[in-house]
S.K.: 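Okay, here's the structure, questions in a sec.
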2 protein chains.
Amino acid sequence: MAATLHDVANLAGVSFKTVSNVVNGHPHVRPSTRERVERAIAELGYKPNLSARSLRSGRTGAIALAVPELNLSYFAELASFVIAAAEQAGLVTLVEQTGGDRDRELALLKSPRLRMTDGLILSPLGMGQEDADALDVAFPLVLLGERTFDWPNDHVTMSNLNAAHAATEYLIASGRRRIAVIGENEDEVMGSARLRLRGYREALEAHGIPYDERLVARATLWHRADGARAMHDLLDRGADFDAVFGFNDTLALGAMRVLQEAGLRVPEDVAVLGFDDLDEAAYAIPSLTTVDPGREWIARTAVETLLERIGRKGKDLAPRTKLADFTIIERESAPKD
Amino acid sequence: MAATLHDVANLAGVSFKTVSNVVNGHPHVRPSTRERVERAIAELGYKPNLSARSLRSGRTGAIALAVPELNLSYFAELASFVIAAAEQAGLVTLVEQTGGDRDRELALLKSPRLRMTDGLILSPLGMGQEDADALDVAFPLVLLGERTFDWPNDHVTMSNLNAAHAATEYLIASGRRRIAVIGENEDEVMGSARLRLRGYREALEAHGIPYDERLVARATLWHRADGARAMHDLLDRGADFDAVFGFNDTLALGAMRVLQEAGLRVPEDVAVLGFDDLDEAAYAIPSLTTVDPGREWIARTAVETLLERIGRKGKDLAPRTKLADFTIIERESAPKD
DNA sequence: CCGATGGTTTGCATCGTTGTAAGATCGTCA
DNA sequence: TGACGATCTTACAACGATGCAAACCATCGG
């Protein structure tokens, strides 16, 4: 059995409360006592029982991060940053996968598993306005992704609309006029897909380019395979385009692969622009021009925001929205001109 | 404040222990009582306090997974499978990143943070024979990666040596004779890098091809950037090769990118073979021939093995090694002939 | 030499749950 | 009707830690 405060106390010849004081860095402990206790701790290899500690203190020292899937590189890289940021704050991170499924997202919010943590960072995909009540929870919660619904929570994100607008404008500025998009998803009531589509449309409009539905390809989950499938759709229906804007990098990469299989040259025949700036994007062939959404900032800020909620005054704060800056990274698949 | 057993008991007009019995599906509870209690539970939105439960029961319902980085796609995909397998067993997963750093791996094994979990799945990278003692821990521990040291733990892996041997042979069978490798790392005393190098050498030897140090490029961490750097090294030093075996897919992809930048055609001038079968590999241009190490099997088996250790008889089991089957997936970057 | 002072140590109650054992209730049978 | 199991419910003691308040003990000034 693992050693307890009592065991250490017996060995050191003090009361177990004194050991607790040493462990917690209580100010008034005589140096000689402290040293004796510390020796006993080392000898027994004592480690505090975190269940007991959190039962007593009400804090667990863990946060939960819920993303659709770690298989999606964007979320893997995001999770990596979140875990690192949490660790810096002395917290461990419990990772859940929702599959982007509304029911699983809702179930998670009600799950007793969350009682194991001090708060949740959730990247919702399936939920909509009708789920606002489910999001009005008693524990600290920070949402990743834009505040498009009237949800009572903190949000950390970048402006999907502005970024998509800028990306589209970038393609227009480079001389492209028939710009296809991949990733539209009408099931998603108002998430990134919808916002990015809106940004795309507004940019077209601002430049007097008509919106053409035949250039819009849908994709529900954003894997490479979905991007490939969408590009096949576009090609099969004989769509005529000189650029593709993928709503994320994996879609764009899947599409780029199909383009080249079809004998089209990137960027000569078709420029390709992605969204996320995955590590992979820089090493694709050709390398992928993409939107850098400030992933690391988002991760760090999400953890900070959650910590504020967890803190003493967390309950009193009004819901906040924090926006990251985005940048367009120029690479080979869509040169500036 | 969240509701407790007491609150529910008051509302339902029973003792708090009866509520506990209902929650735990205790057999002898009158249906009418059960129903009354369940209504009270629903009304108050009662959720058991997991800290208290695990203090009492000694089980936390969580496992820890420690990998070098989630940024590395292999580990992201692995983590995804581990989390899913754990969830099926009703466990949540806490993810730690070690950076492949020996000190952080050792620190993790001693960390009180682990008391929050029932066991650990660790993918060690920096540790060696001298750390055997540190691995002789009191909690359930399963290691990912091959048992090359005399470590007192369960191992789940595939045969790095056989897989690398087969991969090299595949290239030889396709007519290549000057096969470079990327990923050698002499710091790593006896991990995957060393084993894969050994497999490579043995395959060469079996076919009477001399081992040529100038064809061996090192890389410590296995990011795309490291693969790119290694390939630059090879090209800069004028190495003469007609194939490259990357010790993982990201290395291979980074290298492939540099090859094509240098005007070399893949696979005509240089065949490229990777290791891991990332989702990405199928969509690279050209698509990447690679070794599928049975990642999902490894993840599932690691969780199962850990559960056996956690179980009643876990302490009595001798250390086991479980080997996954690997397959070579033929794609464009290295056709069979 | 005593009480005040302030640092140092301790005892007790408590967090919310579960296991054990004992108590209450009920129907059944002699 | 009363005793007796069987079924249902309850009381109590942990699990290991922390917070509070009280107790202890030097040291110092008067």
Side-chain angles (χ1 to χ4, degrees), chain A residues 1-38 40-41 44-62 90 112-118 138-139 312, chain B residues 1-38 40-41 44-62 111-118 138-139 312:
Chain A
M1 249 353 251
T4 73
L5 282 183
H6 286 274
D7 303 330
V8 177
N10 284 340
L11 184 62
V14 295
S15 92
F16 81 99
K17 188 62 237 273
T18 300
V19 180
S20 165
N21 288 339
V22 170
V23 171
N24 294 300
H26 187 85
H28 302 307
V29 178
R30 197 180 304 154
S32 64
T33 319
R34 157 163 289 127
E35 205 202 330
R36 204 144 38 95
V37 170
E38 267 162 2
I41 288 179
L44 294 175
Y46 167 77
K47 292 179 207 161
N49 180 318
L50 297 187
S51 298
R53 177 179 284 180
S54 64
L55 169 59
R56 188 61 238 249
S57 67
R59 285 284 201 86
T60 66
R113 301 147 65 111
L114 286 180
R115 297 276 314 243
M116 209 181 290
T117 65
D118 295 334
F139 53 85
R312 189 144 302 285
Chain B
M1 246 356 247
T4 73
L5 284 182
H6 287 273
D7 303 329
V8 177
N10 283 342
L11 184 61
V14 295
S15 96
F16 80 99
K17 187 61 232 272
T18 300
V19 179
S20 166
N21 288 339
V22 170
V23 171
N24 294 302
H26 188 84
H28 301 308
V29 177
R30 196 179 305 155
S32 64
T33 319
R34 158 163 289 127
E35 205 202 330
R36 205 146 37 95
V37 169
E38 266 161 2
I41 288 179
L44 294 175
Y46 166 77
K47 292 179 208 160
N49 180 317
L50 298 186
S51 298
R53 179 178 284 180
S54 65
L55 169 59
R56 187 61 238 248
S57 69
R59 286 281 201 84
T60 66
S111 161
R113 300 147 65 110
L114 286 180
R115 296 278 312 245
M116 209 182 292
T117 65
D118 295 333
F139 53 85
R312 189 146 300 287

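All values reported here derive from a predicted model rather than from experimental measurement. These values consider heavy atoms only, across backbone and side chains, with no hydrogens, waters or symmetry-generated copies. Within every chain, numbering begins at 1; the chains are lettered A, B, ... in the order of the sequence lines, protein sequences first and strands thereafter.
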S.K.: Between A:Arg115 and B:Lys47, is there a donor-acceptor pair closer than 3.5 Å when you use the side chain of the first and the backbone of the second?
M.R.: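 Here the side-chain-to-backbone pair exists.
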S.K.: Are the side chains of B:Arg59 and B:Asp118 in contact, using a 4.5 Å heavy-atom criterion?
M.R.: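 Heavy-atom side-chain distance check passes, below 4.5 Å.
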S.K.: From CG of A:Leu50 over to P of C:dG16, roughly how many Å is that when rounded to an integer?
M.R.: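 Answer to the nearest Å: 18 Å.
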S.K.: Starting at atom CG of A:Asn10, determine the distance to atom C1' of C:dT10, rounded to an integer number of angstrom.
M.R.: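 Those two atoms, CG and C1', are 14 Å apart.
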S.K.: Verify the contact: side-chain N or O of A:Thr33 to OP1 or OP2 of C:dT9, cut-off strictly under 4.0 Å; return yes or no.
M.R.: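 A:Thr33 to C:dT9 OP1/OP2: side-chain N or O found under 4.0 Å.
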S.K.: Suppose we call a contact any N or O donor and acceptor under 3.5 Å apart; does that hold for the side chain of A:Arg56 and the base of C:dT14?
M.R.: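 Present.
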S.K.: So what does A:Val14 hit on the nucleic acid, given a heavy-atom distance under 4.0 Å: a base, only sugar-phosphate, or nothing?
M.R.: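 The answer is sugar-phosphate, as A:Val14 gets under 4.0 Å only of primed atoms, P, OP1 or OP2.
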S.K.: Once you round it to whole Å, what is the distance between P of C:dT20 and NE2 of B:His26?
M.R.: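 Computing the B:His26:NE2 to C:dT20:P distance gives 11 Å.
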S.K.: Residues two or more places apart in sequence or in another chain: which of them pass salt bridge (charged side-chain N to carboxylate O under 4.0 Å, His left out) with B:Glu35?
M.R.: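 Applying salt bridge (charged side-chain N to carboxylate O under 4.0 Å, His left out) to B:Glu35 gives B:Arg39.
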S.K.: Report the distance from atom CZ of A:Arg30 to atom P of D:dA26, rounded to the nearest whole Å.
M.R.: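 Checked: the CZ to P distance equals 8 Å.
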S.K.: Are the side chain of B:Ser57 and the backbone of B:Arg53 linked by a donor-acceptor contact shorter than 3.5 Å?
M.R.: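 Yes; at least one donor-acceptor contact below 3.5 Å.
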S.K.: Atom CZ of B:Arg34 and atom C1' of D:dC8: how far apart are they, to the nearest Å?
M.R.: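 Atom-to-atom, B:Arg34 to D:dC8, this comes out as 11 Å.
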S.K.: What's B:Ser51 touching, base or sugar-phosphate or nothing? Going by heavy atoms closer than 4.0 Å.
M.R.: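 Since no nucleic acid heavy atom lies under 4.0 Å of B:Ser51, the category is nothing.
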S.K.: Verify side chain to side chain contact (heavy atoms under 4.5 Å, CB included) between A:Thr4 and A:Asn49, making sure each step is shown before the conclusion.
M.R.: CA-CA 8 Å; A:Thr4 73; A:Asn49 180 318; over 6 Å; no
S.K.: What integer distance in Å separates B:Leu5:CG from C:dG19:P?
M.R.: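 About 12 Å, once rounded to whole Å.
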S.K.: Do A:Asn21 and A:Val37 have side chains that get closer than 4.5 Å, going by heavy atoms?
M.R.: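 Result no, sub-4.5 Å side-chain heavy-atom pair not found.
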S.K.: With DNA chain D as reference, determine whether B:Pro31 or A:Thr4 sits nearer its 5' end, using the nearest nucleotide of each.
M.R.: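 Its nucleotide being nearer the 5' end, the pick is B:Pro31.
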S.K.: Classify B:His6 by what it touches in the nucleic acid, base, sugar-phosphate, or nothing, heavy-atom distance under 4.0 Å.
M.R.: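 It contacts base atoms.
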S.K.: For A:Asn24, answer base if it contacts any base atom (sugar-phosphate contacts may also be present), sugar-phosphate if it contacts only those atoms, and nothing otherwise; contact means non-hydrogen atoms under 4.0 Å.
M.R.: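 Sugar-phosphate, no base atom in range.
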S.K.: Give a yes or no on whether a donor-acceptor pair under 3.5 Å exists between the nucleobase atoms of C:dG19, that is its base, and the side chain of B:Lys17.
M.R.: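 Per atom types, the contact qualifies.
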S.K.: Does A:Pro27 reach a base, just sugar-phosphate, or nothing at all? Heavy atoms under 4.0 Å.
M.R.: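 Here A:Pro27 touches no strand at all.
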S.K.: With a 4.0 Å cut-off on heavy atoms, is B:Ser57 in touch with a base, just the backbone sugar-phosphate, or nothing at all?
M.R.: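 Here B:Ser57 touches no strand at all.
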S.K.: Answer yes or no: does a side-chain N or O of B:Thr18 lie under 4.0 Å from OP1 or OP2 of D:dT9?
M.R.: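 Result: no.
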S.K.: Any side-chain N or O of A:Ser20 under 4.0 Å from OP1/OP2 of D:dT18?
M.R.: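 Checking D:dT18 against A:Ser20, a side-chain N or O does come within under 4.0 Å of OP1 or OP2.
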S.K.: With DNA chain D as reference, determine whether B:Leu55 or B:Ser32 sits nearer its 5' end, using the nearest nucleotide of each.
M.R.: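 So the residue in question is B:Ser32.
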S.K.: Measure the distance from CG on B:Asn49 to P on C:dT14 and round it to the nearest whole Å.
M.R.: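 The answer, rounded to whole Å, is 17 Å.
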S.K.: Report the nucleotide, chosen from C:dC12, C:dG11, C:dT18, that has the shortest atom-to-atom distance to any side-chain atom of A:Phe16.
M.R.: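 Between C:dC12, C:dG11, C:dT18, the one nearest the side chain of A:Phe16 would be C:dC12.
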S.K.: Whole angstroms only, please: what is the NE2-C1' distance between B:His28 and D:dT10?
M.R.: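 My rounded result for the distance is 15 Å.
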